[in-house]
Trainee: 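Before I ask anything, let me first share the structure, which is written out below as structure tokens.
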Amino acid sequence: MTKVDAQPGGYEVTGGHGGVVADLGGYGPPQLTYLPVRRHTHRSELRLTVLPERVVGVTGRLGSGVSPVDVGTRDAGGLVPAAMPHVSITKYSRYAATGTGTDNPPVAEEEVEILARIDANLAHAPLSGFVCEGMSPFGMADPTRNAALSVALFTGMPVVRTGRGNTGGMAYRTDPTFISGNNLTATKARMLLMAALLKFGALPPTADPFNPTPDERAATEKAVARYQAVFDTH
């Protein structure tokens with residue numbers, strides 16, 4: 001639920017099951033959301049007792065090479081605070097500060113904020129990712145932002161697509177390298193991605209995130225599928 005008004009009560013159901021009873025069209029198969037089949041609490045595959053003690057993160061710098069790094073996420077005291085994943089939310093806007101997004105192919109370098117965050121993550125947060133709050137409900141953004149987020153995921157940082165605000169529909173899976181957030185809000189998707197990073201670690205980094213090879217793309221799709229299974233069941 002989300003607090004939407006400064007008064008007693010003032011809560012609204014958002015994301016997850018909230019607001020959407022069923023989906024019968026679009027890019028995906030029909031689905032009935034008001035069924036108690038989602039995994040949570042003691043049934044979750046991300047509960048603390050089943051998380052690994054170590055996972056693989058990524059470190060380096062764009063343009064200079066990215067490499068895997070071992071990250072200790074749990075010890076005798078529980079989760080290691082310094083290892084907590086850093087997940088940023090980037091919001092799609094039809095109006096861009098620079099460029100038009102009509103370049104073919106789109107120029108990822110125009111999204112300087114996303115590229116700067118990728119470099120900062122590589123320097124300070126070996127477990128990291130992005131949530132793209134895109135068009136409602138489909139979750140897609142403009143071509144340049146999509147291109148920059150592709151650089152992130154081929155650097156090793158998973159990206160979840162969600163609709164804008166409290167969306168009234170599903171963000172369908174139209175690209176196997178991106179995670180579909182279904183009808184989660186961006187903030188809920190962020191929490192779920194943080195937990196999933198503690199279980200699966202980073203995606204496999206590519207030699208050149210701007211130009212992955214077919215084999216590297218296939219390896220990324222295989223790794224993203226594990227994340228998608230969690231988002232489909234939690």
Side-chain angles (χ1 to χ4, degrees), residues 1-3 11-20 23 28 31-59 68-89 121 124-133 139 152-153 156-163 166-167 170-173 176-205 219-234:
M1 307 183 89
T2 299
K3 182 74 168 176
Y11 290 96
E12 185 173 303
V13 179
T14 57
H17 297 159
V20 180
D23 179 60
Q31 57 178 310
L32 179 63
T33 63
Y34 270 46
L35 291 174
V37 296
R38 294 280 175 167
R39 292 181 175 271
H40 58 86
T41 55
H42 69 285
R43 297 181 60 245
S44 173
E45 294 179 1
L46 305 176
R47 62 191 186 276
L48 183 61
T49 54
V50 300
L51 292 180
E53 293 185 354
R54 313 192 74 81
V55 295
V56 175
V58 286
T59 188
V69 61
D70 186 63
V71 181
T73 56
R74 288 181 57 200
D75 58 21
L79 294 175
V80 178
M84 290 302 96
H86 186 287
V87 175
S88 305
I89 297 176
N121 288 345
H124 305 293
L127 296 177
S128 54
F130 289 85
V131 173
C132 176
E133 186 175 305
L153 61 90
M157 304 170 192
V159 180
V160 182
R161 283 174 167 170
T162 68
N166 181 20
T167 182
M170 310 298 181
Y172 301 109
R173 194 176 189 206
T177 60
F178 286 84
I179 303 165
S180 165
N182 207 273
N183 76 316
L184 290 173
T185 60
T187 50
K188 287 185 176 181
R190 176 178 179 266
M191 296 300 294
L192 186 54
L193 182 56
M194 290 174 67
L197 278 161
L198 291 172
K199 182 176 180 68
F200 301 125
L203 302 178
T220 297
E221 291 178 6
K222 183 178 180 180
V224 168
R226 297 187 301 168
Y227 278 89
Q228 188 63 61
V230 165
F231 275 76
D232 288 343
T233 55
H234 287 64

Trainee: Y227: what forms a ring-ring contact (aromatic ring centres under 6.0 Å, His included) with it, not counting sequence neighbours?
Mentor: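 Only F200 meet the ring-ring contact (aromatic ring centres under 6.0 Å, His included) criterion with Y227.
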Trainee: Run the side chain to side chain donor-acceptor pair (under 3.5 Å) test against R54 and tell me which residues pass, sequence neighbours left out.
Mentor: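 Testing R54 for side chain to side chain donor-acceptor pair (under 3.5 Å), a comparison that skips the adjacent residues, returns D70.
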Trainee: According to salt bridge (Lys or Arg N to Asp or Glu O under 4.0 Å), does anything in residues 41-52 pair up with another residue at least two apart or in another chain? List the pairs.
Mentor: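 Checked against salt bridge (Lys or Arg N to Asp or Glu O under 4.0 Å) - neighbours excluded - the pairs reaching residues 41-52 are R39-E45.
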Trainee: Between L51 and L79, does the side-chain contact (heavy atoms from CB on, under 4.5 Å) criterion hold? Intermediate values first, please.
Mentor: CA-CA 10 Å; L51 292 180; L79 294 175; 4.3 Å; yes
Trainee: Run the side chain to side chain contact (heavy atoms under 4.5 Å, CB included) test against T73 and tell me which residues pass, sequence neighbours left out.
Mentor: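 Residues passing side chain to side chain contact (heavy atoms under 4.5 Å, CB included) with T73: V55, V71, A83, L127, L198.
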Trainee: Please evaluate residues I179 and L193 with respect to the criterion side-chain contact (heavy atoms from CB on, under 4.5 Å), reporting the C-alpha separation (whole Å), side-chain torsions for both, the decisive distance (0.1 Å), and the verdict.
Mentor: CA-CA 10 Å; I179 303 165; L193 182 56; 4.3 Å; yes
Trainee: Can you name the nearest heavy-atom pair linking F178 to Q228, along with the distance?
Mentor: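 Looks like O-OE1, 4.0 Å.
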Trainee: For the residue pair N121 and S128, what are the closest heavy atoms and their distance?
Mentor: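 Residues N121 and S128, closest heavy atoms: CB-OG, 3.3 Å.
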Trainee: Roughly how far, to the nearest 0.5 Å, is the NZ atom of K188 from the NE2 atom of H234?
Mentor: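 Nearest 0.5 Å value for the NE2-NZ distance: 14.5 Å.
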Trainee: Could you tell me whether the side chain of L153 reaches within less than 4.5 Å of the side chain of V224, counting heavy atoms only?
Mentor: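 No, every pair of side-chain atoms sits at 4.5 Å or beyond.
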Trainee: If every non-hydrogen atom of K199 is compared with every non-hydrogen atom of L46, which pair is closest and at what distance?
Mentor: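 The pair with the smallest heavy-atom distance is CD-CD2, 3.5 Å.
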Trainee: Hey, could you give me the CZ/CZ distance between F231 and R226, rounded to the nearest 0.5 Å?
Mentor: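 F231 atom CZ to R226 atom CZ measures 13.5 Å (nearest 0.5 Å).
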Trainee: Using every non-hydrogen atom in the two residues, find where A171 and T162 come nearest and quote the distance to one decimal.
Mentor: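 Residues A171 and T162, closest heavy atoms: CB-CA, 4.1 Å.
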Trainee: What pairs with T233 under side chain to side chain donor-acceptor pair (under 3.5 Å), at least two apart in sequence or on another chain?
Mentor: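 Applying side chain to side chain donor-acceptor pair (under 3.5 Å) to T233 gives none.
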Trainee: Please report the closest heavy-atom contact between G163 and E133, naming both atoms and the distance.
Mentor: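 Closest approach of G163 to E133, heavy atoms only: O-CG, 3.4 Å.
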Trainee: Going by heavy atoms in the side chains, are L197 and V87 under 4.5 Å from each other?
Mentor: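 Yes - at least one pair of side-chain heavy atoms lies under 4.5 Å apart.
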Trainee: Does atom CE of M84 have more than 12 heavy-atom neighbours from other groups under 6.0 Å away?
Mentor: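 It does: M84 CE has more than 12 such atoms within range.
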Trainee: Ignoring hydrogens and angles, tell me if any N or O in the side chain of N182 forms a donor-acceptor pair with the backbone of L184 under 3.5 Å.
Mentor: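 Not at all, since once roles are kept as given, no pair shorter than 3.5 Å links the two residues.
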Trainee: Of all residues at least two apart in sequence or in a different chain, which pass the side chain to side chain donor-acceptor pair (under 3.5 Å) check with T177?
Mentor: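 Partners of T177 by the side chain to side chain donor-acceptor pair (under 3.5 Å) criterion, ordered by chain and then number, come out as D175.
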Trainee: Which atoms form the tightest heavy-atom contact between P204 and A219, and what is the distance?
Mentor: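 Answer, listing the atom of P204 first, then A219: CG-O, 3.9 Å.
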